[in-house]
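Just so we're on the same page: letters track the sequence lines, and every chain starts at 1.
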Protein chains: 2
Amino acid sequence: MQQVSDSSPSPGYDPAPTSSRALIVDRIRSAGTLSRVELTQLTGLTAPSITAVVRRLIDDGLVAEAGRGTSASTGGKPRTLLQIRGAARYVVGVHLSVDSLTYVLVDYAGGVVARWRRDGPGDESDPEEVVQRVALETGELIERSGVDPALVLGLGFVCPGPLIRNRGVTSAPPSMTRWVGFPVRSRLQERLGLPALLENDATAAAAGTRLTTSHDVSVMAALFMSEGIGSGLRLNGNVYQGAHGNAGEVGHICVQIGGPRCWCGGTGCLEALAGPAAVVAKARAAGLDLGSHRHSGVAAFAAIARLALSGDSRAEAIIKDSAAWMALGAQTIANMYDVQLLVLTGPAFAVAGTIYLPILQERILSSVFGRSVGTEVVLDERGHDAAALGAALLMLKSEHAVSA
Amino acid sequence: MQQVSDSSPSPGYDPAPTSSRALIVDRIRSAGTLSRVELTQLTGLTAPSITAVVRRLIDDGLVAEAGRGTSASTGGKPRTLLQIRGAARYVVGVHLSVDSLTYVLVDYAGGVVARWRRDGPGDESDPEEVVQRVALETGELIERSGVDPALVLGLGFVCPGPLIRNRGVTSAPPSMTRWVGFPVRSRLQERLGLPALLENDATAAAAGTRLTTSHDVSVMAALFMSEGIGSGLRLNGNVYQGAHGNAGEVGHICVQIGGPRCWCGGTGCLEALAGPAAVVAKARAAGLDLGSHRHSGVAAFAAIARLALSGDSRAEAIIKDSAAWMALGAQTIANMYDVQLLVLTGPAFAVAGTIYLPILQERILSSVFGRSVGTEVVLDERGHDAAALGAALLMLKSEHAVSA
DNA sequence: CCTACTATATTCACAGATCGAACTAACCGG
DNA sequence: CCGGTTAGTTCGATCTGTGAATATAGTAGG
């Protein structure tokens, strides 16, 4: 294989498929099912090449033919559809937050085989313990699913940023201080004996929406809300990561000069004004009854959202205030990234998304730049698992040497 | 040549070198002078390949050997340096603004052969007339420089966004209303009989800093201030353009809820608060003497900056107020793009840059994200020509078929 | 049922890029 | 002058992809 462009892996991106083999697998995966003719169009390769590559993929058991094509018969040979053989390989995606630890087992076709949510390690977690736990639980997950461990390609691990890619978490959220400088990726690899990949939650979530949305949206972003607020940019199926893996930190742009102090040291950060923690604090101050959700930011936030949805006007006002600030963040994303599509995702949007969506849509549409080009804003129904799923998909994509 | 990755040109980017030939030319150009060994490292190709490609480049007269390498002798054959033969090809870059029309003639090595600034077409300019004028003046520029017109590869044209790439200006600044929907690119091509390329000023300026800064800064952004405010993101020498060519519109992010109305329809836009027009308006309101600069935004702005630099405290306060807002924009760029380097460029920074620089630096450094990863902020001394230069360089890069 | 017709997929011979290994070239220091 | 060291080239092999022609599998019509 020739490597025309990236010998030194191009910084700023997750690996774009470089071999035709990987490219074809990638395209079939995101389309679900595809004929050879369509592949010629999508890849730019000629029919003979497609034939050759696909044959080897079939021989290797990675791809299978899946019946005849449907399309309206115009009087020719119908296309034979190709699909990824899901059972050929597997990857695991893990999303760590203070609240929860989410696992997904994803097959080679990108389908979710198993998902599993456990309580998070909580405040002040010891990274070494968490690594051990993740290794154990990953093993359990694989075993329970009855998947051959030899077929598991690797693990994608995702946590709140900021981080230094491929090295370790650098400056984690307030309650994860012990993670500063910890080399998660290599520790996980050692424990698991598997390739591992480290990504920040928002960026991974952007990758996670990949199979959700149609593939012809080539420039899109995810606005991610969990304990913190972040965003990710996806281009042609590749995720933009920035120089240090911290691109898309909308949570810490300043939206109010002289605004409240944020844990990051700044003032007037979007996260400090509109993040779940801020919403929960305001709700507490307003004396709202949050039930048993004392500690957990996202769970308490969800409780407030449920109150708002059930007609509590104080809860609604608080959430809508947050949404107004978030709308600024969304507008900033639209202006800076110039995307065709913005997806709201992450655990915090799982319940509250329907309140935020129209407010964000309205703001995006009311700016000239949004209006003239028609940026679409949608809600991801898989907000809870988006980050873990994205971690898994990134791992899938990073598997270049699809050796038999 | 195989096209592994981009058959359908990948949206969101200017063409990354796909052929080894283009890649090698590109690398030599940005390094100035390079040996074959260094090329093997930079491109990932093997020595034999480099030898072969370089031989053809030399045969075609595009590259020449340039003496022996300098490096401390460790007892081996010294490297033979390669450089681009500047005289092999040329490109023209044009930057249109209301105030001024800037031309640069750039040789194949990326060196500026001639630069030329004329008065801009002014308010309410007729695009058809401007195209005609640009075609004429481009011809004049080439003729005066004594360059063989047959060696001119094309013209890069740059104007304030927003625009629809490769089609026409869409929603130009207030005084360019007649440009809405005008197909500049194709009209220029027709008039000139040369390939043309359309880009927005800030994005081009990001490309224009390419030879200015060292090449190992692979993720950088430009904050561009002319009549408006914009920014551009550069990755590995490629410029990010967004889905519609309007990425980096920092000028129209909202930095003050309920702030002043902007021509774009929004409120509290950075440009409305801190742009040259706003600064000029404030200075007028304060009764500052702007000399003869009545109409021209950037020229009047420069006059205010000069007052500030010469100790006028009112002027200084006004500029520093603008700088405080701009710092928010800079911080947003740093957070969203996660760059290693931020360059301040554009005509408006040509005089005022030294006032803005420390204020922006301070804000970037005071945010954790900036501090922990060390985003550098510098001033481009070629602010005036950056956009035109960038236009030319983008055109140079887009020349793929380096046919003899 | 047989024959056009159409679109899909494959075969085969060939072009081109790149690679690995071995080799030549240039310079140093003793 | 001779080994040591690094730079660059030659050569045959490999691998990827191409173009032209061919085989395959359906529909539509007589």
**Fill in**
A correct 5'-to-3' footprint of nucleotides 5-12 of chain D, with B, S and - meaning base, sugar-phosphate only and no protein heavy atom under 4.0 Å, is BBBSBB--
**Prompt:** Does the side-chain contact (heavy atoms from CB on, under 4.5 Å) test come out yes or no for Leu188(B) and Leu155(B), once each step is laid out?
**Reply:** CA-CA 9 Å; Leu188(B) 278 169; Leu155(B) 175 132; 3.9 Å; yes
**Item:** Note: Arg55(B)-Asp60(B) ion pair, threshold 4.0 Å (strictly below)
**Value:** no
**Bending between helix ends of the helix from dC1(C)-dG30(D) to dG30(C)-dC1(D) [5 pairs per end, 10° resolution]** = 0°
**Request:** May I ask you to check if Arg85(B) and Tyr108(B) form a cation-pi contact, with NZ or CZ under 6.0 angstrom from the six-membered ring centre and within 45° of the axis?
**Result:** no
**Prompt:** Can Glu65(A) and Gln83(A) be counted as having a side-chain donor-acceptor contact under 3.5 angstrom?
**Reply:** no
**Message:** Distance check needed: dA17(C) P versus Arg21(B) CZ, whole Å only.
**Reply:** 9 Å
**Request:** Taking atom types as modelled, find out whether Ser35(A) and Glu38(A) have a side-chain donor-acceptor pair closer than 3.5 angstrom.
**Result:** yes
**Request:** Any chance you could lay out the side-chain contact (heavy atoms from CB on, under 4.5 Å) test for Thr40(B) and Arg36(B), step after step, and finish with the verdict?
**Result:** CA-CA 6 Å; Thr40(B) 62; Arg36(B) 290 175 178 79; 5.7 Å; no
**Asked** According to a strict under-4.0 Å criterion, is Ser49(B) in side-chain N/O contact with OP1 or OP2 of dT18(C)?
**Response** no
**Request:** Could you give me the CA-CA distance, side-chain angles and deciding distance for Val91(B) and Val152(B), then say whether side-chain contact (heavy atoms from CB on, under 4.5 Å) is met?
**Result:** CA-CA 5 Å; Val91(B) 289; Val152(B) 177; 5.7 Å; no
**Request:** Find out whether the Lys NZ or Arg CZ of Arg185(B) is both under 6.0 angstrom from the six-membered ring centre of Phe157(B) and within 45° of the ring's axis.
**Result:** no
**Asked** How close or far is atom P of dG17(D) from atom CG of Leu39(A), stated in whole angstroms?
**Response** 13 Å
